[in-house]
Amino acid sequence: MHFSIEYLILTVAILLLVSVLTSKASGKFGIPALLLFLAVGMAAGWEGLGGIRFHDPLAAKSIGILALIFIIFSGGLDTRWENVKPIVLRGISLATVGVLVTAILIGWFATVTLHWSWLEGLLLGAIVSSTDAAAVFSVLRSRRIGLKGHLRPLLEFESGSNDPMAVFLTVGLISIMGADDKNLLHLIPSFILDMGLGALLGYLMPKLMLYVINRIKLEYEGLYPVLTIALVLLTYAVTVTVHGNGFLAVYMAGMVLGNSRFLHKKTLKRFHEGLAWLMQIAMFLSLGLMVEPKQLIPYLGVGLLISLFLILIARPASVWLSLPTRFFSNREKGMIAWMGLRGAAPIILATFPMLAGINQANVMFQLVFFIVVTSVLIQGTTFPLVARWLGVDAPMKANNAYPLELDEVEGIDADIVDVLVPYNAEVVGKRIFEIGIPKDCLVVLISKGEGFVIPNGTTVLDGGEVLLVLANKTDLAQLQRIIARQKKSEPQEEEARQRE
Amino acid sequence: MRIMDFLSEKNITVELKAKNKKEVIEELTDLLVKNGNVADKKKMVQILMEREELGSTGIGQGIAIPHGKSETVKELAAAFGLSKSGVTFEALDGEPVYIFFLLAAPEGTAGTHLKALARISGLLKDKYFRKKLLAAQSVADVVEVIQEEEKAAH
């Protein structure tokens, strides 16, 4: 080691900083942020300005698997079951049959153009067969365009859930290539075992996770993210140990958690979103560092050719074959096909053959690089045009969240609740301090006319007003009882109001 | 914010059949589901009933404003219902309820939800407005009464 830890830290800091800053440019120029991270890596690499030498497939694979675990988990966490439910079977078909069709077609094309063996071709196909959630959604977000109907949830679900299938095919093919008996049919029983155990543990582990998170009562809130990191890694490790699909288990665990209630949910979701970003950046940076542009030149032609074949033939074919019904119109299927952006997963998977000592591993790595870059560049930048052309675009909904919602916190069972003041309530006309608000109750806002005021003890209540109250359950019930009390006499209506 | 911005004519009925709290909440939620404002009826009804358990939204004078936030709601939407015979709603004043405004808001929109709620309860405070609403014979009548009131208020 000729460089010190301080130098290493400085390098990492600068690389991350530059990556984060370039993401701002992506919004301006419509280039997906991931490509910019890649460019930063290349610029910092051996043949670029930085001159950093990084060629360690084992390190890259290890970082890659770790990264993929958290990227997939975060994807699951953000998936809303409500939206996915209507299309779940179609999504699964796209994530399994679709992935398989893509892999086979690319495999065939590789045997034709590169004169590779069928197994080598299929391996390349498997590596690039899954689409990337981060790429798809960074594009959707940065262009501020929405998609109609079920398209967005489908793409979200597909891109999150097809990585396990791609990983299975890649690992399976590599093991067959190393075996004496090269029979593809061996993949079928291992597929059932792999996915079955993955799904089983993906169902069981989140139950354990929820139990632990809600019951453990940690002294420090900052330990909860650490706890979830541990639980996610445990889910992956346990599943892989019993020969199940760890990524499937992690994705399902994320989805179950994302749709359940647990302590510090908002904080933890934000944390995992940040972690997923860090992992994406780390992945693309290390790929950029590993690529040696001079080595790419011989593969320029064939790389582009395979990429175009993927975009124009393999992906559309896989979409139409795995979605045979008319649930989605042809225009919508066209959009789904065009949103087949490749991303982190192929890059990570491309390091697998390197370590397994497969003949074409180096070439594969270069080709995967081409395929990912061109896919993100071509499909990513033209996506708004294509969406408009196919007539499936929709205005993006503005997310006007108010700072008025509470995260569930262990220790207090307080919540923010709205309370209506009845028109003929005893409390009407009284000042807040007079009505005997219970101890653990705080009136945060009161609607007055068209707006809201932050009350103090002397604010007078009026019928029909809405109070926003921070309270625990017992005291809230007591407050409700106080507010609900009716005046004995007939209501003194707001006759003052002049009409005509 | 105007009520007619989030109350579609399709979500208005002047002939509620329901006799009790659960039924009326289901009947009005049905309208929201039918017109695509709410995806999951069961979930929405459950959320609205949970809110009722915290304290009845039947705030007296024959009025109830059941409301709730849920992921199953696409964007802020209201349903309006009139009951000719009155519904037992466990109202705070113990009287039957005739006028219903059901408000459904998506998760994460506490601000708009609260504004809409305040707007509805503010308008209904006016006795004459309530009388006019009660006298409505058709959906068109209801729309007219609300629109007129909102014009006057603005």
Side-chain angles (χ1 to χ4, degrees), chain A residues 80-83 85-86 259 266 397-406 415-426 428 444-452 462-469 471 473 476-487 491 493-495 497-500, chain B residues 1 38-40 43 50-51 53-76 90-95 103 105-132 149 152-154:
Chain A
R80 280 174 155 201
W81 178 241
E82 295 278 333
N83 298 339
K85 205 172 155 192
N259 292 284
K266 286 200 180 106
K397 250 184 240 158
N399 188 11
N400 49 348
Y402 247 67
L404 290 180
E405 278 172 78
L406 266 193
D415 202 355
I416 287 199
V417 190
D418 46 75
V419 173
L420 285 164
V421 182
Y423 303 119
N424 192 33
E426 233 178 61
V428 169
V444 187
L445 282 182
I446 299 184
S447 71
K448 289 272 178 201
E450 290 286 293
F452 289 89
D462 199 359
E465 286 177 349
V466 183
L467 312 184
L468 197 64
V469 180
K473 283 231 170 74
L476 178 71
Q478 202 187 329
L479 179 71
Q480 289 276 16
R481 275 197 297 279
I482 294 170
I483 301 249
R485 259 181 239 144
Q486 299 284 306
K487 272 185 186 148
E493 282 283 344
E494 61 310 322
E495 311 307 68
R497 182 156 178 199
Q498 302 291 315
R499 301 192 56 89
E500 272 79 48
Chain B
M1 178 185 279
V38 168
D40 185 341
K43 194 160 206 173
E50 274 169 14
R51 174 61 186 81
E53 273 162 34
L54 282 175
S56 177
T57 61
I59 52 172
Q61 272 70 43
I63 288 162
I65 316 175
H67 58 274
K69 276 179 295 178
S70 166
E71 287 178 2
T72 186
V73 183
K74 291 203 180 67
E75 52 185 1
L76 183 73
E90 296 150 36
L92 299 177
D93 59 0
E95 300 288 325
L103 194 61
E107 206 68 72
T109 56
T112 26
H113 174 64
L114 218 55
K115 266 193 179 157
L117 196 57
R119 178 96 186 112
I120 292 171
S121 77
L123 276 186
L124 287 170
K125 194 181 161 191
D126 183 338
K127 188 163 78 180
Y128 299 101
F129 178 55
R130 295 201 298 258
K131 276 192 181 146
K132 279 197 203 165
E149 184 72 16
H154 268 267

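We name chains A, B, ... by the order of the sequence lines, and we start the count at 1 in each one.
- Taking the side chain to side chain contact (heavy atoms under 4.5 Å, CB included) definition, one finds that A/Asp462 meets it with A/Val428, A/Glu465, B/Lys125, sequence neighbours left out.
- A side chain to side chain contact (heavy atoms under 4.5 Å, CB included) with A/Asp418 is found for exactly one of B/Leu117, B/Leu54, B/Thr57, namely B/Leu117.
- With contacts defined as side-chain heavy-atom distances shorter than 4.5 Å, the pair A/Arg485/B/Leu92 does not qualify.
- Remark: B/Ala91 pairs with B/Asp93, B/Val97 by the side chain to side chain contact (heavy atoms under 4.5 Å, CB included) rule, at least two apart or across chains.
- Interatomic distance, B/Leu124 CG to A/Leu420 CG, rounded to the nearest 0.5 Å: 10.5 Å.
- How far CG of A/Leu467 is from CG of B/Leu114: 9.5 Å, rounded to the nearest 0.5 Å.
- Here the side chains of A/Val466 and B/Ser121 are in contact, with some heavy-atom distance below 4.5 Å.
- The greatest number of non-hydrogen atom pairs below 4.5 Å with chain A, out of B/Gly94, B/Gly58, B/Gly55, B/Ala39, is found for B/Gly55.
- Between chain B and the options A/Ser447, A/Pro422, A/Pro86, heavy-atom pairs under 4.5 Å are most frequent for A/Pro422.
- Contact check for A/Asn83 versus B/Glu71: no side-chain heavy atoms found under the 4.5 Å cut-off.
- Minimum heavy-atom separation, B/Gln61 to A/Asn424: NE2-CB, 3.7 Å.
- Annotation: side chain of A/Phe452 is in contact with side chain of B/Lys115 (closest heavy-atom distance under 4.5 Å).
- Interatomic distance, A/Arg80 CZ to B/Glu107 CD, rounded to the nearest 0.5 Å: 7.5 Å.
- For chain B, the nearby part of A/Val419 is the backbone; its heavy atoms alone come within less than 4.5 Å.
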